[in-house]
There are 2 protein chains.
Amino acid sequence: MSRSNPRVLSTLERAGGFASAQEVYRLMQREGESIGLTTVYRSLQSLVNDKIVDVLRRDDGEAIYRLCGESHHHHLVCKSCGETVEIEGGAIEKWAQLIAEEHGFRDVGHTAEIFGICKKC
Amino acid sequence: MSRSNPRVLSTLERAGGFASAQEVYRLMQREGESIGLTTVYRSLQSLVNDKIVDVLRRDDGEAIYRLCGESHHHHLVCKSCGETVEIEGGAIEKWAQLIAEEHGFRDVGHTAEIFGICKKC
DNA sequence: ACGGTAATGAAAATCATTTTCATTTGTGAT
DNA sequence: ATCACAAATGAAAATGATTTTCATTACCGT
């Protein structure tokens with residue numbers, strides 16, 4: 001099949017370890033890298049197969065890719081202006097793990113986002 | 001705007017309270033109901049606004065609509081078979097509120113989902 | 001250099017979802 | 001009942017992410 005293009009992984013890292021395929025592609029374009037969208041998709045998929053990245057879904061259904069092992073964080077997003085604050089989720093991590101174990105689930109992950117209206121809006 | 005077509009809700013109920021828009025549409029077709037896909041989408045969206053149904057995402061990104069009780073809750077979803085457990089989020093509620101206030105946000109809401117592999121899978 | 005396999009990417013195909021817009025239906029006032 | 005207007009409807013087109021196709025190119029071992 002196809003192996004991952006290393007520039008894709010490096011771009012995903014540079015993006016903070018968290019981005020959609022389209023975002024990785026646009027980022028590479030902006031930085032002058034010559035690559036096709038198809039290759040970006042294929043590389044990300046191959047990274048998922050190799051368990052080097054995780055794939056999640058945004059609320060709008062777009063797939064987002066996240067480096068495994070990155071200490072992950074959550075977001076606090078303003079519904080009005082879109083300003084985003086990255087937050088640590090200490091309490092959540094334990095909660096998710098605990099609940100999942102109670103129900104006999106393994107291989108546990110989670111998503112959590114907080115949204116509201118920021119000071120300026 | 002537009003209100004929900006009652007046949008859509010009744011079909012979603014008949015489907016076990018868990019189906020995608022396309023599935024609801026195909027089900028209604030098969031049962032001889034005359035309705036457009038657009039209306040199915042609009043009705044489901046309106047049900048989501050009215051908090052009569054929840055919307056989640058399948059692994060492939062397709063939105064699935066699900067009847068839910070009135071109390072605010074979160075989900076523990078099996079990535080493999082889709083089994084879903086409704087859970088209470090006591091800890092989360094406080095955490096979200098606290099973090100948001102720290103950053104000066106008001107009108108706060110949140111989403112949280114836990115996913116993993118269930119016992120059977 | 002040669003032959004074969006893997007990687008690449010442009011363009012077309014897919015598929016769920018949304019938008020547009022013209023038509024129909026329902027409702028309330030008169 | 002009739003007129004007028006708002007809401008609902010759905011067919012068709014638009015959108016946007018993702019996948020597939022396929023012809024070309026880069027790479028590797030001989």
Side-chain angles (χ1 to χ4, degrees), chain A residues 1-12 15-67 75 79 82 111 113, chain B residues 1-12 15-67 77 79 82 111 113:
Chain A
M1 300 287 108
S2 95
R3 229 166 288 156
S4 165
N5 181 318
R7 288 175 293 154
V8 169
L9 177 53
S10 119
T11 303
L12 183 57
F18 200 89
S20 74
Q22 301 280 344
E23 285 164 356
V24 168
Y25 175 66
R26 284 194 290 266
L27 194 52
M28 294 180 80
Q29 296 257 299
R30 234 177 285 130
E31 293 176 356
E33 302 240 31
S34 164
I35 196 166
L37 184 54
T38 312
T39 302
V40 173
Y41 273 103
R42 273 195 288 240
S43 292
L44 287 171
Q45 239 150 18
S46 144
L47 289 168
V48 170
N49 288 344
D50 297 348
K51 301 199 195 296
I52 296 169
V53 313
D54 258 357
V55 56
L56 301 177
R57 292 274 169 185
R58 287 228 188 90
D59 273 358
D60 67 354
E62 191 173 354
I64 49 183
Y65 299 86
R66 179 178 82 187
L67 278 171
H75 293 116
K79 280 190 282 197
T111 61
E113 304 229 340
Chain B
M1 299 287 109
S2 97
R3 227 166 291 159
S4 166
N5 182 318
R7 288 176 293 153
V8 170
L9 178 53
S10 118
T11 304
L12 182 58
F18 198 90
S20 73
Q22 302 280 344
E23 285 164 358
V24 169
Y25 176 66
R26 284 194 291 266
L27 194 51
M28 293 180 80
Q29 295 257 299
R30 233 178 285 131
E31 292 176 356
E33 303 239 30
S34 163
I35 195 167
L37 184 54
T38 311
T39 302
V40 172
Y41 272 103
R42 273 194 286 240
S43 292
L44 287 172
Q45 238 150 23
S46 142
L47 289 169
V48 169
N49 287 343
D50 298 347
K51 302 197 195 296
I52 295 168
V53 313
D54 257 357
V55 57
L56 301 177
R57 293 275 168 184
R58 288 226 187 92
D59 272 358
D60 67 354
E62 193 173 351
I64 49 184
Y65 300 86
R66 165 176 220 288
L67 280 168
V77 186
K79 279 191 284 196
T111 61
E113 304 231 339

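Chain identifiers are assigned alphabetically (A, B, ...) following the order of the sequence lines, protein sequences preceding nucleic acid strands; residue numbering begins at 1 within each chain.
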**OP:** Mind running side-chain hydrogen bond (donor to acceptor under 3.5 Å, both in side chains) on Tyr25(A) and Gln29(A) for me, showing each step along the way?
**Re:** CA-CA 6 Å; Tyr25(A) 175 66; Gln29(A) 296 257 299; 3.3 Å; yes
Subject >> Candidate pair Arg30(A) and Leu27(A), rule side-chain contact (heavy atoms from CB on, under 4.5 Å), full reasoning >> reply: CA-CA 5 Å; Arg30(A) 234 177 285 130; Leu27(A) 194 52; 3.7 Å; yes
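Rounding to whole angstrom units, CD of residue Glu23(A) and P of dT18(D) are separated by 10 Å. Atom CE of Met28(A) and atom P of dT8(C) are 10 Å apart (whole Å). Straight-line distance from the CG atom of Leu56(A) to the C1' atom of dA17(D): 17 Å, rounded to whole Å.
Atom CG of Asp59(A) is surrounded by 12 or fewer heavy atoms from other residues, nucleotides or ligands within 6.0 Å.
Every residue two or more places apart in sequence or in another chain was checked for a side chain to side chain donor-acceptor pair (under 3.5 Å) with Thr38(A), and none qualifies.
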Subject >> Summary of protein contacts for nucleotides 9-23 of chain C, nucleotide by nucleotide, where a base hit scores B, a sugar-phosphate-only hit scores S (4.0 Å, heavy atoms) >> reply: BBB----SBBB----
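A salt bridge links Asp54(A) to Arg66(A): one of the charged nitrogens lies within less than 4.0 Å of a carboxylate oxygen.
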